[in-house]
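Notes follow once the structure below has been shown.
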Amino acid sequence: MRLLWELLVLQSFMLCLADDNTLHGPIFIHEPSHVMFPLDSEEKKVKLNCEVKGNPKPLIRWKLNGTDVDIGMDFRYSVVEGSLLINNPNKTQDAGTYQCIATNSFGTIVSKEAKLQFAYLENFKTRTRSTVSVRQGQGMVLLCGPPPHSGGVMGEYEPKIEVQFPETVPTAKGATVKLECFALGNPVPTIIWRRADGKPIARKARRHKSNGILEIPNFQQEDAGLYECVAENSRGKNVARGQLTFYAQPNWIQKINDIHVAIEESIFWECKANGRPKPTYRWLKNGESLLTQDRIQIEHGTLNITTVNLSDAGMYQCVAENRHGIIFASAELSVIALGPDFSRTLLKRMTLVKVGGEVVIECKPKASPRPVYTWKKGKEIVRENERITFSEDGSLRIMNVTKSDAGSYTCIATNHFGTASSTGNLVVKDPTRLLVPPSSMDVTVGESIVLPCQVSHDHSLDIVFTWSFNGRLIDFDKDGDHFERVGGQDSAGDLMIRSIQLKHAGKYVCMVQTSVDKISATADLIVRGPPGPPEAVTIDEITDTTAQLSWRPGADNHSPVTMYVIQARTPFSVGWQAVNTVPELIDGRTFTATVVSLNPWVEYEFRVVAANTIGIGEPSRPSEKRRTEEALPEVTPANVSGGGGSKSELVITWETVPEELQNGGGFGYVVAFRPFGKVSWMQTVLASADASRYVFRNESLPPFSPYEVKVGVYNNKGEGSFSPVTVVYSAEEEPTKPPPSIFARSLSATDIEVFWSSPLESLSKGRIQGYEVKYWSHDDKEENARKIRTIGNQTSTKITNLKGSALYHLAVKAYNTAGTGPYSVTVNVTTKKPPPSQPPGNIIWNSSDSKIILNWDQVKALDNESEVKGYKVLYRWNRQSSTSVIETNKTSVELSLPFDEDYIIEIRPFSDGGDGSSSEQIRIPKISSAYARGSGASTSNACTLSAISTIMISLTARSSL
């Protein structure tokens, strides 16, 4: 009967669990703490805090010195939200140790102990004392009353320690401890702190009040020991000693947690705490002490209960304590007893398996204790054999499945609380088989192939094809540039690989999966391509013009290397260049060669490129950089020439030798020259590789005299050869005579032309290179004259952009490389009047028979303008930029133009002063088979805004008779 009652209670409890999974035993949120109540306080209440959560809501009761506090009998006590309130507390009745006890349907837990103590805080009577002055940190004495006699002056005496710390000072871990040492003496003593064991005091320690206080924060085990305070003055010293001891209240390392266990099983709890001294452990069940007995074993911080029954359910607490404190850890033990229940773990409605495969039908009802399992197929009991086995958890395993295994299977679970069953169907399908598997292939870079993967399968099942490459699943969206799935049937999952690269070589796996099986097939793809880059290119030896190289072959990519090519790069080359080698052709079995025809004293780096029948591979990494050895210079300066300069100078110029052709350091030039026809050479050395000019100065040097010149080279290795001899003339003398026969004439209002003759100069002193013309208007000063220069033997020039009707003055002088000669006499010329400023107006045009006839009004010049001599008609196609011009002295013109294009026409007058103002542009549209007439805009308004006039056109149809 008791077992049946426990079962009913447990089943009700399990139903509650099913309805609300937040049910749990009591848990302390705030536990009571020690309280010191002043007896002379005006406050008349004491509150001991206790806050608990749980579901159902726990009931709270209190104990004082191990005895329940009777809330109902003593009106001074009340419990508000778990906390205990004491009205008018009394030392005799209420002082002691309190504990809060919380209970609900899951069990009971006990809080840590809290002491309520009482004490007086009496007020000292106030009495006025005389002021005492003292410096910070020094010792002093305040007497309670005056002595009965008058003193004389106190003399010097040794230190006397009046205030000192206790002989033993227990200190908690992590706390801050202060040691005080106060001494009297005359002179005022100094205070020194030290450890008796000779160890240094921790650096974290701080000293206050002239060393009168030693403070050690965050106290640890290593800070414990015997400390000494030494007070010393000139009369002697005194020492006080005290022992700092280390202690730690218990602190949890490992707590216990709630356990839900099936009936008849076992549980094991362990709690661990550290502290100093080492904590001891005890266990509570529902607030009562738990001892070792029968099924319950307690050892230190462990609790072991075997063959758990319903009576073991409840709230358990592990208590760890030492003389400095006590801590509690709580957990709930729930014991589950339940008949088999399939409501949440029904057998799978349908289980699929292939013929020849293996299947497991799981049977996992909720039950406590573990049930006994029985299996049926249809109405027949299933029995174990070589293919059919039962596992401990009730699952049914069938190996080497056949079609006859298909059917309905029922799992029956039984324990002494009841029986339950669940049924599912086993469906047997034909296996998937490969018909055309992928095969290994050998291909060349750039080709495209298809790897087949075709199967036979049960068409009632969905099938999925996937491909992997070297162990990585192919993503056809991401890798679509090269991979594509083809086939078009549900039984084919062929893979196309387009434009194959070397990186596509490897293992390809086609995986085929249905809901009952999974098969795969593998193919290896060999990709042949150009060789990989050679490795470890090394310069073994280098001379002034050669370099011995060696390297290791790279990957041949399944096609043997047929040849190697060596390339070089210098700071002066444009990229990598092929170089000459010995042997001239390097076959694929040779891994060393000599590079020849290098430039001396140039920094080189080399790389090697391999080739095979498929193509040329990637180059190797560059070798180290090495400089060839020095050698005598071989290349001479180019374009040796010169001439010009100042009087008494011989200027010699040349093109510098490029750095890569200097063959060594310390490069410079040797300049040699001699008068033409002489035998001996004069030489000078220019110690600069950048020199490109030398000037020889000598007052006796005749002007414009020929000299034979050559330029040689040298470097640290010695002198090289000279350039071919060339003739250079010494500096000329500036012209000494002005140009004669100066003449100027006006061409228009803006242009004049000036003429002169060459001066009669001696050719032995120089050559005239050209002439300089200066000109200025009569209204300007000569020093503000503008200048233009001619080149060569030209003896006339045109001056433009002048003012109309203005008088100008001109003068001409010759110049050469030495300077300029004297100016000629000044000549005067007046520019012509400006051209007419009024454009042609009232322009009318007619078209007929491929002809355009233009008419306009005559332009009359103003008094200050040149007379009109005629008109220029400018016309062009609308889509062209080139313009044609017709001149006429009339006010009309006839143009023979095709009508299949638009034309742009403008008219301007011309005169001796130049071209006058142009009319606005007139657009004549293309016209076919019709007469047309139009006019330009009136010129009465000079400020015309439009660039192209608006045209008024009238068309007259002409019929063919």
Side-chain angles (χ1 to χ4, degrees), residues 36 38-40 117-248 276-277 323-324:
M36 177 67 74
L39 289 170
D40 51 353
Q117 296 174 301
F118 293 80
Y120 283 100
L121 296 177
E122 297 179 342
N123 293 325
F124 289 99
K125 305 225 185 294
T126 60
R127 191 173 95 177
T128 304
R129 293 174 179 265
S130 58
T131 302
V132 178
S133 298
V134 66
R135 287 184 301 199
Q136 182 179 0
Q138 288 188 337
M140 61 168 288
V141 175
L142 289 176
L143 300 177
C144 289
H149 61 277
S150 299
V153 178
M154 183 178 288
E156 292 186 352
Y157 60 95
E158 67 182 8
K160 181 180 179 182
I161 297 178
E162 295 289 343
V163 178
Q164 68 180 67
F165 49 96
E167 292 184 1
T168 302
V169 182
T171 307
K173 177 182 179 182
T176 297
V177 61
K178 293 183 179 181
L179 303 179
E180 186 175 3
C181 185
F182 171 68
L184 293 177
N186 191 14
V188 176
T190 58
I191 303 294
I192 298 175
W193 292 90
R194 67 190 182 193
R195 290 183 61 150
D197 56 9
K199 295 180 180 178
I201 295 176
R203 296 181 63 181
K204 63 185 176 181
R206 299 185 287 268
R207 294 161 177 82
H208 306 289
K209 309 298 184 183
S210 298
N211 278 5
I213 296 177
L214 176 66
E215 179 183 305
I216 305 175
N218 191 22
F219 193 81
Q220 299 296 323
Q221 177 70 52
E222 60 270 16
D223 296 321
L226 184 62
Y227 285 74
E228 294 180 339
C229 166
V230 182
E232 185 175 9
N233 64 10
S234 59
R235 304 294 295 176
K237 67 179 179 179
N238 202 348
V239 179
R241 296 179 178 86
Q243 184 79 30
L244 288 184
T245 59
F246 175 82
Y247 76 87
R276 188 175 179 89
R323 65 174 179 265
H324 301 292

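Only a predicted model underlies this, so the values are computations on that prediction, with no experimental measurement involved. Side chains included, hydrogens not; waters and symmetry mates left out as well; all remaining heavy atoms used. In what follows, residues are counted from 1 in the order of the sequence shown.
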Considering all heavy atoms of both residues, which atom of [X] and which atom of [Y] are nearest to each other, and what is their separation?
{"X": "Ala231", "Y": "Ile191", "value": "CB-CD1, 3.7 Å"}
{"X": "Phe219", "Y": "Thr245", "value": "CE2-O, 4.0 Å"}
{"X": "Gly225", "Y": "Arg195", "value": "CA-NH2, 4.2 Å"}
{"X": "Ala205", "Y": "Ile216", "value": "CB-CG1, 4.1 Å"}
{"X": "Asn218", "Y": "Lys204", "value": "O-NZ, 2.8 Å"}
{"X": "Gln220", "Y": "Gly174", "value": "NE2-N, 4.1 Å"}

### Query
For Arg235 and Tyr157, what are the C-alpha separation, side-chain angles and deciding distance, and is it a side-chain contact (heavy atoms from CB on, under 4.5 Å)?
CA-CA 6 Å; Arg235 304 294 295 176; Tyr157 60 95; 5.7 Å; no
### Task
Just jot down the salt bridge (charged side-chain N to carboxylate O under 4.0 Å, His left out) partners of Lys178, sequence neighbours excluded, or say none.
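Salt bridge (charged side-chain N to carboxylate O under 4.0 Å, His left out) list for Lys178, sorted by chain: Glu215.
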Do [X] and [Y] come close enough that some side-chain heavy atom pair is under 4.5 Å?
{"X": "His324", "Y": "Pro277", "result": "yes"}
{"X": "Ile192", "Y": "Asn211", "result": "no"}
{"X": "Val239", "Y": "Gln164", "result": "no"}
{"X": "Val169", "Y": "Gln243", "result": "no"}
{"X": "Glu222", "Y": "Lys199", "result": "no"}

### Task
Start with the C-alpha gap between Thr190 and Asn233, add the side-chain angles, then the distance that decides, and say whether side-chain contact (heavy atoms from CB on, under 4.5 Å) holds.
CA-CA 6 Å; Thr190 58; Asn233 64 10; over 6 Å; no
Find the distance between [atom1] ([X]) and [atom2] ([Y]) and round it off to the nearest 0.5 Å.
{"X": "Ile161", "Y": "Cys181", "atom1": "CD1", "atom2": "SG", "answer": "4.0 Å"}
{"X": "Arg206", "Y": "Ile201", "atom1": "CZ", "atom2": "CD1", "answer": "13.5 Å"}
{"X": "Asp223", "Y": "Phe246", "atom1": "CG", "atom2": "CZ", "answer": "9.0 Å"}
{"X": "Leu214", "Y": "His208", "atom1": "CG", "atom2": "NE2", "answer": "8.5 Å"}

### Message
As a quick check of understanding, evaluate side-chain contact (heavy atoms from CB on, under 4.5 Å) for Ile213 and Arg207, giving each step before the final call.
### Response
CA-CA 6 Å; Ile213 296 177; Arg207 294 161 177 82; over 6 Å; no
### Task
Check the surroundings of atom CD in Glu167: do more than 12 heavy atoms from other residues, nucleotides or ligands lie under 6.0 Å from it?
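Open: at most 12 neighbouring heavy atoms sit under 6.0 Å from CD of Glu167.
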### Query
Ion pair present between Glu158 and Lys160, side-chain N to carboxylate O less than 4.0 angstrom?
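Between Lys160 and Glu158 there is no salt bridge, as every charged N stays at least 4.0 Å from the carboxylate O atoms.
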### Query
Of Tyr227, Phe182, Trp193, which is the lone residue that meets ring-ring contact (aromatic ring centres under 6.0 Å, His included) with Phe165?
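With Phe165 as partner, Tyr227, Phe182, Trp193 yield a single ring-ring contact (aromatic ring centres under 6.0 Å, His included), made by Trp193.
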